[in-house]
Amino acid sequence: MSNSDAAPRIDPTTVDYEQLYRGEELFPGVVVHRPPWDIGRPQPLLTALETAGHIRGEVLDIGCGPGDTAIHLAGLGYRVTGLDVAPTAIEQARQRAARRGVSVTFEVADAAILDGYDNRFDTVVSSALLHCLNPAQRRTHASALARVLEPGGRLIQFCFTPAEHTELYAPYPIPESELRTLFAPPIWEITTLRADRLETTVPTDQQSNLFAQNNFHPARDEKGALLLPILVLEAQRI
């Protein structure tokens with residue numbers, strides 16, 4: 001293979017999420033016009049958990065992106081706050097909520113800090129955030145989550161876990177052992193920790209070619225959307 005035919009070098013740990021939401025070039029020759037987690041609706045896993053009664057009270061959607069989970073829950077009658085580090089994501093979320101006639105509080109915030117929200121939420125939902133944080137950020141994030149949840153509050157979290165070619169799409173895939181350490185007594189009690197799959201967008205031709213060049217052939221649903229391995233964690237704030 002000549003240098004001109006070499007697979008593009010990608011490094012998910014260098015992603016600038018504001019740049020991503022603006023549709024700018026992430027890596028040389030790689031532009032993603034829509035974040036892969038922006039499927040236009042909440043994750044089916046999340047809606048199933050809500051239907052089963054796993055969400056209650058006032059809700060924080062941390063790393064809310066363009067807001068579909070928060071908007072869905074607000075439409076069901078929950079009081080919801082959505083926070084994200086990317087200002088463009090928050091602006092998109094506000095626009096989507098306005099179009100749907102739903103009231104949600106959306107604000108820019110650092111997930112590793114979360115100042116001003118102490119003991120406020122009964123439920124935190126977190127879809128595809130934890131694996132975007134480096135090891136030090138993950139520790140401070142877990143502490144921040146404990147601080148913003150009321151005692152007895154619940155965390156529902158989906159994160160990528162090590163698998164074949166995870167380095168192509170997950171900045172910091174999280175093994176089960178680390179989750180058990182981050183969310184351990186005396187602060188947390190894990191009630192569920194299991195494997196599942198996260199739905200992402202149908203990849204563009206450019207993305208599909210990039211995967212093929214890196215010999216990555218992920219599972220897909222009947223519409224062609226990627227189904228990527230995750231860990232589903234539910235933990236209670238003791």
Side-chain angles (χ1 to χ4, degrees), residues 13 15-18 20-21 35 37 42-43 46 49-50 54-74 78-94 96-97 103-160 170-172 174 178-191 193 230-238:
T13 66
V15 170
D16 180 318
Y17 291 96
E18 174 63 9
L20 174 62
Y21 279 104
W37 53 83
Q43 284 290 324
L46 190 283
L49 288 170
E50 191 284 325
H54 292 224
I55 295 175
R56 63 178 178 84
E58 187 167 354
V59 181
L60 170 62
D61 180 8
I62 184 65
C64 66
D68 291 303
T69 292
I71 292 167
H72 172 75
L73 293 175
Y78 296 95
R79 183 177 176 183
V80 186
T81 298
L83 303 177
D84 200 282
V85 72
T88 296
I90 291 299
E91 182 57 32
Q92 291 175 4
R94 289 171 177 163
R96 291 187 188 188
S103 178
V104 185
T105 299
F106 287 112
E107 300 291 345
V108 176
D110 186 334
I113 300 174
L114 298 181
D115 283 343
Y117 298 97
D118 289 13
N119 297 311
R120 176 163 166 182
F121 300 104
D122 302 290
T123 306
V124 174
V125 296
S126 174
S127 180
L129 169 65
L130 190 67
H131 56 248
C132 297
L133 306 177
N134 66 38
Q137 291 172 322
R138 292 197 292 271
R139 292 190 293 273
T140 57
H141 174 60
S143 296
L145 291 179
R147 193 179 68 250
V148 304
L149 274 170
E150 292 186 349
R154 175 176 292 166
L155 168 66
I156 297 173
Q157 178 176 267
F158 309 147
C159 66
F160 288 135
Y172 302 99
I174 314 296
E178 181 175 348
L179 290 179
R180 293 193 179 278
T181 298
L182 282 173
F183 299 100
I187 297 175
W188 297 95
E189 178 185 3
I190 293 175
T191 57
L193 185 53
I230 61 165
L231 288 172
V232 175
L233 176 139
E234 293 182 77
Q236 187 173 36
R237 169 75 165 91
I238 296 175

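- Not a single ring pair (Phe, Tyr, Trp, His ring centres under 6.0 Å) links Tyr78 to another residue, sequence neighbours left out.
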For Leu182 and Trp188: C-alpha separation, side-chain torsions, deciding distance, then whether side-chain contact (heavy atoms from CB on, under 4.5 Å) applies.
CA-CA 9 Å; Leu182 282 173; Trp188 297 95; over 6 Å; no
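- Between Glu50 atom CD and Ile156 atom CD1 the span is 9.0 Å, to the nearest 0.5 Å.
- Atoms CG and CG, on Leu129 and Leu145 in that order, are 8.0 Å from each other to the nearest 0.5 Å.
- Legend: residues meeting salt bridge (charged side-chain N to carboxylate O under 4.0 Å, His left out) with Asp68, ordered by chain and number and at least two apart, are Arg96, Arg100.
- Ile174 CD1 to Thr181 OG1: the interatomic distance, rounded to the nearest 0.5 Å, is 11.5 Å.
- In terms of heavy atoms, Thr140 sits closest to Ala112 at OG1-CB, 3.3 Å.
- The two residues Gln43 and Phe158 make their nearest non-hydrogen contact at CB-CE1, 4.2 Å.
- Take Glu18 and apply the salt bridge (charged side-chain N to carboxylate O under 4.0 Å, His left out) test, not counting sequence neighbours, and it matches Arg22.
- For the pair Tyr117 and Asp115, the minimum side-chain heavy-atom distance is 4.5 Å or more.
- Residue pairs meeting the side chain to side chain donor-acceptor pair (under 3.5 Å) criterion with at least one partner in residues 141-157, sequence neighbours excluded, are Asp118-Arg147.
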For Leu83 and Leu114, what are the C-alpha separation, side-chain angles and deciding distance, and is it a side-chain contact (heavy atoms from CB on, under 4.5 Å)?
CA-CA 9 Å; Leu83 303 177; Leu114 298 181; 3.7 Å; yes
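- Scanning for salt bridge (charged side-chain N to carboxylate O under 4.0 Å, His left out) contacts around Glu91 gives an empty result, with sequence neighbours left out.
- A side-chain donor-acceptor contact under 3.5 Å links Asp122 to the backbone of Glu58.
- Inter-residue side-chain proximity for Tyr172 and Asn134 is flagged as met; some heavy-atom pair is nearer than 4.5 Å.
- In terms of the ring pair (Phe, Tyr, Trp, His ring centres under 6.0 Å) criterion, His72 has no residue partners (sequence neighbours excluded).
- Annotation for Val80 and Ala74: closest pair CG2-N, 3.7 Å, computed over non-hydrogen atoms.
- His131 contributes no side-chain N or O that, together with a main-chain N or O of Cys159, makes up a donor-acceptor pair within less than 3.5 Å.
- Annotation: side chain to side chain contact (heavy atoms under 4.5 Å, CB included) contacts of Ala97 (sequence neighbours excluded): Ile71, Phe106.
- Here Trp37 pairs with nothing under the ring pair (Phe, Tyr, Trp, His ring centres under 6.0 Å) rule; sequence neighbours left out.
- The side-chain heavy atoms of Asn119 and Val148, taken from C-beta on, include no pair separated by under 4.5 Å.
- The two residues Ala128 and Cys132 come nearest to each other via the heavy atoms O-SG, 3.7 Å.
- Closest of all the heavy-atom pairs between Ala111 and Ala144 is O-CB, 4.1 Å.
- With sequence neighbours excluded, no residue forms a side-chain hydrogen bond (donor to acceptor under 3.5 Å, both in side chains) with Glu189.
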Would you check, one step at a time, whether the test side-chain contact (heavy atoms from CB on, under 4.5 Å) holds for Phe121 with Thr81?
CA-CA 9 Å; Phe121 300 104; Thr81 298; 3.8 Å; yes
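- In this structure, the side chains of Leu179 and Leu193 come closer than 4.5 Å at one or more pairs of heavy atoms.
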Might you work through the side-chain contact (heavy atoms from CB on, under 4.5 Å) test for Leu155 and Phe183, ending with a clear yes or no?
CA-CA 10 Å; Leu155 168 66; Phe183 299 100; 3.5 Å; yes
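- Only one option out of Ile55, Leu149, Leu73 pairs with Thr123 in a side chain to side chain contact (heavy atoms under 4.5 Å, CB included); it is Ile55.
- If you take OG1 on Thr105 and CG on Asp61, they are separated by 12.5 Å, rounding to the nearest 0.5 Å.
- Qualifying side-chain hydrogen bond (donor to acceptor under 3.5 Å, both in side chains) partners for Arg56, counting only residues two or more places apart in sequence or in other chains: none.
- Contact check for Pro171 versus Phe160: no side-chain heavy atoms found under the 4.5 Å cut-off.
- Between the Thr191 side chain and the Glu234 main chain, a donor and an acceptor come within less than 3.5 Å of each other.
- Distance check: Ile62 CD1 to Asp84 CG gives 7.5 Å after rounding to the nearest 0.5 Å.
- The side-chain hydrogen bond (donor to acceptor under 3.5 Å, both in side chains) test applied to Ser126 returns no partner, not counting sequence neighbours.
- Remark: Glu178 engages Arg138 in a salt bridge (charged side-chain N to carboxylate O under 4.0 Å, His left out) (not counting sequence neighbours).
- Side-chain contact between Cys64 and Ile90 is present, with at least one heavy-atom pair separated by less than 4.5 Å.
- Summarising the geometry of Gly65 relative to Ala93, their closest heavy-atom pair is O-CB, 3.8 Å, with the distance given to 0.1 Å.
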